[in-house]
Protein chains: 2
Amino acid sequence: MLLSKACIYGIRASLYVAAMHEQKRPFVPIREVSDKLELSFHFLTKILQQLTAAGLMKSYKGPNGGIAFTREPKDIKLIEVVSAIDGLDLFKECVLGLPGCGHKQPCPFHDKWATTREAIEIMFNATSLEELATKGKRMNLRLSAEITMDDLLKTA
Amino acid sequence: MLLSKACIYGIRASLYVAAMHEQKRPFVPIREVSDKLELSFHFLTKILQQLTAAGLMKSYKGPNGGIAFTREPKDIKLIEVVSAIDGLDLFKECVLGLPGCGHKQPCPFHDKWATTREAIEIMFNATSLEELATKGKRMNLRLSAEITMDDLLKTA
DNA sequence: ATTATTAAAGATAATTTAGTCTTAAATATT
DNA sequence: AATATTTAAGACTAAATTATCTTTAATAAT
Ligand code: SF4
Ligand code: SF4
């Protein structure tokens with residue numbers, strides 16, 4: 001598995017919040033996100049705390065509170081979410097798990113892996129939250145097992 | 001992490017056995033592999049059993065026993081080792097963990113991920129054990145934290 | 001002030017992955 | 001036949017990840 005569950009949930013939640021942001025509703029309660037995406041509320045809370053700790057989101061307690069991005073979703077790349085939750089190891093590590101990739105003597109897989117690894121990094125680096133959220137809305141794609149963007153926005 | 005530890009150990013062990021195969025020493029005791037690569041003998045045993053169960057290796061008990069590939073390492077692709085241990089989910093799954101990738105409505109990440117995922121699959125599909133083992137020998141690359149091919153072959 | 005709503009924090013539990021240890025079965029050597 | 005070597009199989013333990021539950025703190029509305 002490329003990304004941890006926590007990271008996947010964090011990305012999906014980020015895409016939901018980004019979609020709401022475009023609807024001029026920047027502050028969203030975590031409960032709403034967890035309900036809509038069918039995620040554990042408490043688990044998601046912890047994950048989103050990592051995003052606020054990383055400065056990607058801000059939070060506000062109390063009625064009408066919630067979470068929101070600190071910057072415009074068009075300026076936030078997916079890799080920032082990945083970095084805040086899983087870290088950047090995926091883009092630095094040896095595919096064979098050997099320590100000191102890039103410093104020490106390479107392993108036989110190095111050249112091929114370095115190329116592939118970079119493609120993965122570029123994918124996350126070149127994709128903004130806004131881009132995916134917009135595309136999701138335009139094409140009514142899904143953010144959950146059976147729930148598409150239309151479903152999500154309908155009852156927002 | 002792209003591959004599980006079990007899968008990583010399985011690949012590293014396979015590369016060692018492939019290198020020995022080229023030295024006209026097809027049957028290698030598991031203990032030798034675990035010692036050379038600094039892996040847990042029992043853990044590695046279980047992993048290699050998956051490779052024999054998958055028909056990739058054969059084993060022989062008793063003195064001078066060990067494991068060996070059933071086919072020439074030049075005809076065995078890395079993806080076969082990955083498949084036997086981690087399965088092929090990595091090459092089929094949604095990057096966002098949604099079920100039914102390819103059948104159900106896609107997620108917003110789909111197009112980019114499908115491309116990257118294919119690059120990963122090609123990497124494992126287009127690389128043979130022999131290729132990496134030979135390259136490792138030729139360039140004295142490492143198969144363990146501090147142990148290069150030369151070290152491994154020297155005391156074989 | 002009181003109450004309701006919300007995120008933060010922390011304790012606990014369940015699951016999966018990783019790793020260890022023991023015993024059994026097969027084979028070769030003597 | 002007895003012994004040593006080696007893989008197979010299974011029980012067990014440890015660690016990491018995933019998930020749940022409870023309590024606390026902040027904020028708003030009444
Ligand atoms: S071979 Fe390359 S990818 Fe693998 S550990 Fe060495 S430097 Fe890293
Ligand atoms: S968006 Fe694409 S990659 Fe993601 S689940 Fe759907 S089909 Fe799979």
Side-chain angles (χ1 to χ4, degrees), chain A residues 1-13 17 20 25-70 84-87 89-90 96-97, chain B residues 1-13 17 20 25-70 82 84-87 89-90 93 96-97:
Chain A
M1 206 166 27
L2 192 75
L3 305 172
S4 69
K5 296 265 187 166
C7 191
I8 286 172
Y9 298 163
I11 291 175
R12 287 169 56 198
V17 176
M20 290 304 139
R25 240 189 104 237
F27 264 96
V28 187
I30 299 177
R31 175 70 69 181
E32 175 184 327
V33 183
S34 66
D35 282 354
K36 290 296 185 64
L37 300 183
E38 299 179 293
L39 300 176
S40 151
F41 167 72
H42 292 288
F43 192 32
L44 183 60
T45 293
K46 289 197 177 170
I47 295 164
L48 294 177
Q49 278 168 23
Q50 296 182 269
L51 297 187
T52 62
L56 227 53
M57 284 185 160
K58 57 195 167 187
S59 70
Y60 209 81
K61 289 179 184 173
N64 306 314
I67 51 162
F69 286 110
T70 53
I85 299 170
D86 276 355
D89 281 356
L90 176 61
L96 296 188
Chain B
M1 206 165 25
L2 194 75
L3 305 172
S4 69
K5 296 267 186 168
C7 190
I8 287 172
Y9 299 162
I11 291 175
R12 287 169 55 198
V17 176
M20 288 306 140
R25 239 189 107 236
F27 265 96
V28 186
I30 299 177
R31 175 70 69 181
E32 175 184 327
V33 183
S34 66
D35 281 353
K36 289 296 185 70
L37 300 183
E38 300 180 292
L39 300 175
S40 151
F41 167 73
H42 292 287
F43 192 30
L44 183 60
T45 293
K46 287 193 176 172
I47 296 165
L48 294 177
Q49 277 169 23
Q50 297 182 266
L51 297 187
T52 61
L56 227 54
M57 283 185 161
K58 57 194 167 187
S59 71
Y60 209 82
K61 291 179 184 173
N64 305 316
I67 51 163
F69 286 109
T70 53
V82 173
I85 300 169
D86 276 355
D89 281 357
L90 175 61
E93 273 179 348
L96 296 187

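Numbered from 1 within each chain, the chains take letters A, B, ... in sequence-line order.
- The side chain of Gln49(B) has dA9(D) as its nearest neighbour among dA19(D), dG19(C), dA9(D).
- Here the side chain of Phe41(A) is nearest to one of dG19(C), dT18(D), dA7(C), namely dA7(C).
- Separating the CD1 atom of Ile47(A) from the C1' atom of dA9(C) is a distance of 15 Å, rounded to the nearest angstrom.
- No side-chain donor-acceptor contact under 3.5 Å links Thr52(B) to the backbone of Ser59(B).
- Here Tyr9(B) lies in heavy-atom contact (under 4.0 Å) with sugar-phosphate atoms only.
- Atom CD1 of Ile67(B) is separated from atom C1' of dT27(C) by 17 Å (rounded to the nearest Å).
- Considering only side-chain atoms of Pro63(A), the nucleotide from dA4(C), dA8(C), dA11(C) that sits closest is dA4(C).
- For Lys46(A), counting side-chain heavy atoms from C-beta on, the closest listed nucleotide (dA11(C), dG19(C), dA29(D)) is dA11(C).
- Rounded to whole Å, the distance from NZ on Lys58(A) to P on dA8(C) is 14 Å.
- To the nearest angstrom, C1' of dT18(D) lies 15 Å from CG of Leu48(A).
- Closest non-hydrogen pair, Thr70(B) versus Lys58(B), comes out as CG2-N, 3.7 Å.
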Between Phe27(B) and Ile67(B), is the side chain to side chain contact (heavy atoms under 4.5 Å, CB included) condition met? List the steps.
CA-CA 5 Å; Phe27(B) 265 96; Ile67(B) 51 163; 5.6 Å; no
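- Counting only heavy atoms from C-beta on, Tyr60(A) has its side chain closest to dA28(D) among dG19(C), dT18(D), dA28(D).
- Taking only distance into account, the side chain of His42(A) meets the base of dT22(D) through a donor-acceptor pair shorter than 3.5 Å.
- Residue Glu32(B) contributes atom CD, which lies 15 Å from atom P of dT5(D) at whole-angstrom precision.
- Note on Asn64(B): every side-chain N or O is 4.0 Å or more away from OP1 and OP2 of dA4(D).
- For the pair Leu44(B) CG and dC21(C) P, the computed distance is 16 Å after rounding to whole Å.
- Residue Ser40(B) has a polar side-chain atom (N or O) positioned under 4.0 Å from OP1 or OP2 of dT20(C).
- Straight-line distance from the CD1 atom of Ile8(B) to the P atom of dA18(C): 9 Å, rounded to whole Å.
- Nucleotide dA8(D) holds its C1' atom 5 Å from the NZ atom of Lys61(B), rounded to whole Å.
- Considering only heavy atoms from C-beta on, Met57(A) comes within 4.5 Å of Leu48(A) through its side chain.
- Ion pairing between Glu38(A) and Arg12(A) fails under the 4.0 Å rule for side-chain N and carboxylate O.
- Residue Lys5(A) places no side-chain atom within donor-acceptor reach of the base of dT16(C), judged by atom type and a 3.5 Å distance cut-off alone.
- Along DNA chain D, the nucleotide nearest to Ser4(A) and the one nearest to Thr52(B) differ in position, and the one closer to the 5' end is contacted by Thr52(B).
- Checking the phosphate oxygens (OP1, OP2) of dA8(D), a side-chain nitrogen or oxygen of Ser59(B) falls inside 4.0 Å.
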